[in-house]
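Everything numeric here is computed off the predicted structure, so don't read it as measured data. Only heavy atoms go into these numbers, but all of them, side chains included; no hydrogens, no water, no symmetry mates.
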Amino acid sequence: MNTGLYIARRYLVSKKSHHAINIISGISVVGVAIATMALVCTMSVFNGFQELVADLFTAFDPQLRITPIEGATFAADDEAVLRLQQLPEVEICTPVLEDQALVVQNGQQQVVTIKGVADNIREQASIEDILYGEGDFCLHADVLEYGVMGIQLASKLGLTASFPDPIQVYAPKKGEQVNMANPMSSFNHDELQSPGVVFMVKQVKYDGQYILTSLGFAQRLFDQPGQLSAMEVKLKDGISTSNGKRQVKQAMGGRFKVSDRYEQQEDVFRIMRVEKLISYLFLTFILLVACFNIIGSLSMLMIDKRADVKTLRSMGATDSLINKIFMLEGCLISLAGSLVGIVLGVALCWAQQQFGLIAMGSVEGSFIVEAYPVSVHLSDVAIIFVTVLAVGWAAIWYPVRYLSRNLL
């Protein structure tokens with residue numbers, strides 16, 4: 001065993017002449033452990049919220065979304081689309097045409113996003129999981145066109161899940177200026193019936209703005225026959241998102257952008273990543289303060305072991321070895337604290353997952369989930385472990401060198 005490490009380990013576990021040194025060393029380990037545990041729990045909570053938000057979007061956002069880099073639409077019979085449909089990694093392709101329109105109902109007006117989709121949307125997304133009402137999900141039947149709107153949008157229009165009168169939908173005609181004498185002549189007009197259901201994604205962006213309808217209705221309303229604004233893709237089971245995305249990109253060429261669920265909600269997840277980073281930096285600063293306890297422990301240990309140091313020097317030990325012994329002593333304290341903190345942090349996260357120890361609120365049903373969601377990522381644990389060791393080493397490097405020159 002390395003001489004410096006062997007002596008440092010002996011100093012860590014051996015009995016000191018002054019009991020206070022053992023107490024201060026124990027406090028140092030506890031301080032590092034608590035800061036480490038806080039890092040594990042905090043980062044795991046952010047992971048839990050991120051996965052919760054991703055799950056909320058799953059029923060509405062596709063696994064992959066393909067949009068044109070230039071322009072708003074592309075032809076449904078584009079060669080790239082045909083190549084996409086033939087990829088072995090792709091299970092379902094859903095053509096989409098999405099644009100804004102004006103809806104009028106009961107004297108209420110609202111600018112909405114009309115999302116026209118093909119009939120295979122049921123297979124593409126878990127639509128049934130977000131529907132509320134006594135009707136059935138339906139986009140069109142015979143000559144009737146149906147609109148499934150978000151629950152908040154229905155509330156704004158004074159509607160329930162089922163409304164007897166169709167809503168009036170208006171969209172400006174392409175390439176025409178508004179006729180001030182007869183403004184309505186500059187708009188395409190159509191009607192959407194109620195299928196008796198609304199959807200709730202629990203996100204204002206969707207629940208308060210979107211109406212799902214048939215692709216044919218959207219193409220007629222927006223004067224875009226044979227045109228699409230996006231293709232939504234579901235990959236086959238066993239195909240990873242990263243691998244499928246790479247294959248889809250190659251098939252589509254450079255004219256199209258391929259986005260996974262996280263990229264489709266880039267703003268939301270960027271904010272969450274920034275919040276997680278800020279929390280990590282803040283808790284790392286607290287960890288640094290906790291590591292200063294190690295300096296007090298080492299300074300008292302140096303005073304206690306002066307006789308041992310003289311003996312080591314008489315046996316040929318260099319100043320470098322002496323410094324190394326106490327540096328390793330500090331690193332061992334950091335290591336012990338980090339291991340204890342990681343174990344406690346992971347255990348607390350497991351208990352939170354199993355038993356929901358910390359609730360989101362005192363009133364049941366007030367939040368989407370009853371308890372704080374947590375998800376422990378191995379990469380986060382590794383980062384925390386390295387951070388604790390690095391911060392501990394940085395906190396004691398200069399003090400140990402200074403104290404060894406003045407105390408020993």
Under the side chain to side chain contact (heavy atoms under 4.5 Å, CB included) criterion, do F269 and V53 qualify, and how do the steps go? CA-CA 9 Å; F269 290 111; V53 172; 4.1 Å; yes
Between D260 and Q63, is a side chain to side chain donor-acceptor pair (under 3.5 Å) present by the stated rule, with each step listed? CA-CA 6 Å; D260 57 29; Q63 195 170 1; over 6 Å; no
Under the side chain to side chain contact (heavy atoms under 4.5 Å, CB included) rule, what do V197 and D136 come out as? Steps first, then yes or no, please. CA-CA 6 Å; V197 291; D136 295 315; over 6 Å; no
When you look at F355 and W350, which way does the side chain to side chain contact (heavy atoms under 4.5 Å, CB included) test go after all the steps? CA-CA 8 Å; F355 308 109; W350 176 85; 4.0 Å; yes
Using side chain to side chain contact (heavy atoms under 4.5 Å, CB included), reason through Q265 and D61 one step at a time and then give a plain yes or no. CA-CA 9 Å; Q265 302 294 336; D61 288 335; 2.7 Å; yes
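The shortest side-chain heavy-atom distance between V388 and L335 does not fall under the 4.5 Å cut-off. Counting heavy atoms from C-beta on, the side chains of H140 and D119 come closer than 4.5 Å. Taking 4.5 Å as the limit, every side-chain heavy atom of L277 sits out of range of all side-chain heavy atoms of V274. Annotation: side chain of M252 is in contact with side chain of I66 (closest heavy-atom distance under 4.5 Å). In this structure, T213 and Y146 have side chains that are not in contact, with every pair of non-hydrogen atoms separated by 4.5 Å or more. Inter-residue side-chain proximity for P166 and L192 is flagged as unmet; no heavy-atom pair is nearer than 4.5 Å. In this structure the side chain of V148 never reaches within 4.5 angstrom of the side chain of I211, judged on heavy atoms. Using a 4.5 Å heavy-atom cutoff, the side chains of L159 and I167 are in contact.
Taking a cutoff of 4.0 Å between a charged side-chain nitrogen and a carboxylate oxygen, R65 and E98 qualify as a salt bridge.
By the 6.0 Å contact criterion, CD on E79 is open, its count of non-hydrogen atoms from other residues, nucleotides or ligands being 12 or less. In N120, the CG atom is crowded: over 12 heavy atoms of neighbouring residues, nucleotides or ligands sit closer than 6.0 Å.
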Sequence neighbours left out, cut at 3.5 Å: what donor-acceptor pairs do the side chains of residues 278-290 make with other protein atoms?
unit_1 : atom_1 : unit_2 : atom_2 : d
S279   : OG     : E275   : O      : 3.0
Y280   : OH     : T387   : OG1    : 2.6
T284   : OG1    : Y280   : O      : 2.6

Listed pairs under 3.5 Å, donor-acceptor, residues 69-77 side chains, sequence neighbours left out:
unit_1 : atom_1 : unit_2 : atom_2 : d
T73    : OG1    : Q227   : OE1    : 3.3

N/O donor to acceptor pairs below 3.5 angstrom from side-chain atoms of residues 105-117, sequence neighbours left out:
unit_1 : atom_1 : unit_2 : atom_2 : d
Q105   : NE2    : D165   : O      : 3.2
T113   : OG1    : Q209   : NE2    : 2.9
K115   : NZ     : E232   : OE2    : 2.8

Show me the donor-acceptor pairs within less than 3.5 Å that the side chains of residues 30-51 make with the rest of the protein, sequence neighbours left out.
unit_1 : atom_1 : unit_2 : atom_2 : d
T36    : OG1    : V32    : O      : 2.7
T42    : OG1    : A38    : O      : 2.7
S44    : OG     : V40    : O      : 2.7
N47    : OD1    : K276   : NZ     : 2.6
N47    : ND2    : M43    : O      : 3.2
N47    : ND2    : S375   : O      : 3.1
N47    : ND2    : D380   : OD2    : 2.6
E51    : OE1    : S375   : OG     : 3.3
E51    : OE2    : S375   : OG     : 2.9
E51    : OE2    : H377   : NE2    : 3.0

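Nearest heavy atom pair, residue G392 against residue S334, reads CA-OG, 3.5 Å. Smallest separation of non-hydrogen atoms from S338 and F385: OG-CE1, 3.6 Å. What you find for Y372 and A359 is that their closest heavy atoms are CE1-O, 3.5 Å. L131 approaches I127 most closely through the heavy-atom pair CG-O, 3.2 Å. Looking at every heavy atom in both residues, L97 comes nearest to Q224 through CD2-CB, 3.7 Å. The minimum heavy-atom distance linking P172 with F187 is given by the pair N-CD2, 3.5 Å.
By the salt bridge (charged side-chain N to carboxylate O under 4.0 Å, His left out) test, E128 is found to be paired with R122, residues two or more places apart in sequence or in another chain being considered. Residues satisfying the salt bridge (charged side-chain N to carboxylate O under 4.0 Å, His left out) criterion with R255, sequence neighbours excluded, are D78.
A distance of 10.0 Å separates CG in L102 from NE2 in H189, rounded to the nearest 0.5 Å. L357 contributes atom CG, which lies 7.5 Å from atom CG of L348 (distance to the nearest 0.5 angstrom). Atoms CG and CG, on L389 and L332 in that order, are 10.0 Å from each other to the nearest 0.5 Å. Taking CD from Q219 and CG from D99, the interatomic distance works out to 12.5 Å, rounded to the nearest 0.5 Å. One distance of note links CG of D207 with CZ of F199; it measures 6.0 Å at 0.5 Å rounding. For the atom pair CD (Q264) and OG1 (T67), the distance works out to 9.0 Å, reported to the nearest 0.5 Å.
Without hydrogens or angle criteria, S194 side chain to A161 main chain gives a donor-acceptor distance under 3.5 Å. Looking only at distances, no side-chain donor or acceptor of T94 sits under 3.5 Å from a matching main-chain atom of Q124. Listed for the S155 side chain is no donor-acceptor partner under 3.5 Å among the backbone atoms of I151. A distance-only check finds no donor-acceptor pair linking the side chain of Q152 to the backbone of V204 [under 3.5 Å]. Using modelled atom types, no side-chain atom of Q352 and backbone atom of V374 make a donor-acceptor pair closer than 3.5 Å. The main-chain N or O of L221 is found under 3.5 Å from a side-chain atom of N188 such that the two form a donor-acceptor pair.
For the residue pair S214/E145, the side-chain donor-acceptor check at 3.5 Å is satisfied.
Classification of the Y210-Y206 ring pair by plane angle, with boundaries at 30° and 60°, yields perpendicular.
The salt bridge (Lys or Arg N to Asp or Glu O under 4.0 Å) test with E263 is passed by exactly one of K257, R270, K245: K245.
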